[in-house]
Amino acid sequence: MSISPAVNAWFRENGRDLPWRRPGFPAWGTLVSEIMLQQTPVVRVVPRLEQWLERWPTPPDLAASPASDAVRAWERLGYPRRALALHAAAVAITDRHGGVVPEDVPSLLALPGVGDYTARAVAVFAYGHRHPVVDTNVRRVLARAVEGVAEPWAPRATRDLPLMESQLPADDEEARVTNAGVMELGALVCTARAPLCDSCPLLEQCAWVAAGRPAHVGPRLRVQPRFEGSDRQVRGLIMAELRASDIPVTSAEIERVWTDAAQRDRALAGLIRDGLATGSPDEGYTLPD
DNA sequence: AATCCGTGGTG
DNA sequence: TCACCAAGGAT
């Protein structure tokens with residue numbers, strides 16, 4: 001028994017009115033939104049996305065700007081490597097695809113910052129192609145409703161894609177709604193912490209509920225190290241300095257952001273290695289371009 | 001394949 | 001308070 005009929009009916013009634021679901025929303029907007037949404041909540045993405053698309057309505061528009069502008073416009077969305085990747089993707093789309101976001105999964109996968117999830121999300125949501133789209137929300141819904149376990153497994157394409165494929169209707173448009181609907185269900189109802197089973201359209205066919213909602217067995221997935229005092233925090237502080245300055249940031253200014261010299265140096269070297277910063281102790285440091 | 005990569009909201 | 005969580009990708 002497939003979950004798609006109940007999910008599709010629920011989604012058409014309860015899906016959020018998000019920018020990327022507007023009729024006529026461009027494929028470029030879908031690509032930008034999907035990259036912004038990687039590990040970043042919807043509420044933080046929406047305003048930044050709208051500003052981004054107003055400034056850079058097409059890939060060639062972004063490709064014509066320096067990467068530093070992209071990193072600044074990214075502001076505090078987090079993981080600024082994504083801003084750099086998105087800029088590089090815009091250049092690649094302009095050079096290799098005539099400025100038009102490609103439709104096929106292999107071409108999308110070849111773009112910087114585009115992985116297994118994002119490639120299929122663009123092919124399905126922007127172009128209406130029929131593919132399974134599996135993110136953490138989908139994996140959690142499949143784990144519970146289909147497999148009957150409390151927590152999703154680690155991402156694995158060879159397991160995730162066939163499982164979601166087995167839940168998709170044959171029709172392209174219905175399959176697209178199922179992809180969006182399962183994801184939305186995971187985001188709004190079948191949540192990680194406290195699932196709202198009482199208002200779930202799959203309550204009566206959920207394998208996990210049928211099994212008595214057994215607790216998770218085994219180790220937690222992807223335990224995050226603490227942020228306070230981490231290299232990530234130091235990188236973030238340095239990036240904030242670089243974003244805020246139109247002239248090179250001096251070594252002395254960088255020294256002021258973090259007292260531990262070894263950690264500071266490690267963070268700065270990492271940023272330079274990632275292409276998020278350039279410069280030297282003598283000339284100071286700037287964003288790329 | 002395990003680890004790294006930001007930031008902010010929340011129960 | 002603080003650990004958990006958030007439409008992953010690259011290496």
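Values reported hereafter were calculated over all heavy atoms of this structure, with side chains retained and with hydrogens, waters and symmetry mates removed. All values derive from a computational prediction rather than experimental measurement.
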*Rounded P spacing from B:dG8 to C:dG9 in Å*: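 Each nucleotide's P atom is 23 Å from the other's.
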*Taking the P atom of each, how far is B:dG11 from C:dA7, in whole Å?*
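One P to the other, the span is 15 Å.
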Once you round it to whole Å, what is the distance between [atom2] of [N] and [atom1] of [X]?
X	N	atom1	atom2	answer
A:Arg48	B:dG6	CZ	P	17 Å
A:Met239	B:dG8	CE	P	14 Å
A:Gln224	B:dT3	CD	P	14 Å
A:Glu228	C:dC4	CD	P	16 Å
A:Glu151	C:dC4	CD	C1'	11 Å
A:Arg243	B:dT7	CZ	C1'	10 Å
A:Ile35	C:dG8	CD1	P	13 Å
A:Tyr79	C:dA10	OH	P	14 Å

What nucleic acid atoms does [X] come within less than 4.0 Å of, heavy atoms only: base, sugar-phosphate, or nothing?
X	result
A:Thr118	sugar-phosphate
A:Ala192	sugar-phosphate
A:Arg81	base
A:Arg21	base
A:Gly78	base
A:Gln233	nothing
A:Val138	nothing
A:Trp20	base
A:Pro155	nothing
A:Asp274	nothing
A:Thr191	nothing
A:Leu77	base
A:Arg139	nothing

*Nearest-nucleotide wise, let me know which of A:Val223 and A:Phe125 is further upstream toward the 5' end of DNA chain C.*
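It is A:Val223, whose closest nucleotide lies nearer the 5' terminus.
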Is [X] near enough to [N] that one of its side-chain N or O atoms lies under 4.0 angstrom from OP1 or OP2?
X	N	result
A:Arg120	C:dG8	no
A:Arg44	B:dT7	no
A:Arg76	B:dG6	no
A:Gln39	C:dG8	yes

*Go through the steps for A:Arg176 and A:Glu173 under the test salt bridge (Lys or Arg N to Asp or Glu O under 4.0 Å), then give the verdict.*
CA-CA 5 Å; A:Arg176 189 188 65 76; A:Glu173 171 60 12; 2.8 Å; yes
*Identify whether A:Phe125 and A:Tyr127 are in the same connected component of the hydrophobic contact network (ILVMFWY, side-chain heavy atoms under 4.5 Å).*
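No, because A:Phe125 and A:Tyr127 fall into different hydrophobic clusters, even though each may have its own neighbours under 4.5 Å.
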*So which pairs with a foot in residues 31-90 of chain A pass ring-ring contact (aromatic ring centres under 6.0 Å, His included), sequence neighbours left out?*
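Every ring-ring contact (aromatic ring centres under 6.0 Å, His included) pair that includes a residue of residues 31-90 of chain A, provided the two are not neighbours, is A:Trp52-A:Trp56, A:Trp52-A:Trp74.
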*Test log, rule salt bridge (Lys or Arg N to Asp or Glu O under 4.0 Å), inputs A:Glu174 and A:Arg12*: CA-CA 11 Å; A:Glu174 288 304 302; A:Arg12 289 196 231 258; 2.7 Å; yes
*If you measure only the distance, is there a donor-acceptor pair under 3.5 Å linking the side chains of A:Arg55 and A:Ser65?*
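Distance-only check fails for A:Arg55 and A:Ser65.
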Checking contacts here: which listed nucleotide ([options]) is nearest the side-chain heavy atoms of [X]?
X	options	result
A:Pro80	B:dG9, B:dG6, B:dT7	B:dG6
A:Arg82	B:dG6, C:dA7, B:dT7	B:dG6
A:Arg226	B:dG6, C:dA7, C:dA3	C:dA3
A:Phe227	C:dA7, C:dA6, B:dG6	B:dG6

*Start with the C-alpha gap between A:Leu53 and A:Phe25, add the side-chain angles, then the distance that decides, and say whether side-chain contact (heavy atoms from CB on, under 4.5 Å) holds.*
CA-CA 11 Å; A:Leu53 293 177; A:Phe25 196 73; 3.6 Å; yes
_Worked verdict on A:Leu108 versus A:Thr118 for side-chain contact (heavy atoms from CB on, under 4.5 Å)_ = CA-CA 8 Å; A:Leu108 287 161; A:Thr118 303; over 6 Å; no
*Tell whether A:Thr40 reaches the base of B:dG8 with its side chain through a donor-acceptor pair below 3.5 angstrom.*
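Check fails, no donor-acceptor contact within cut-off.
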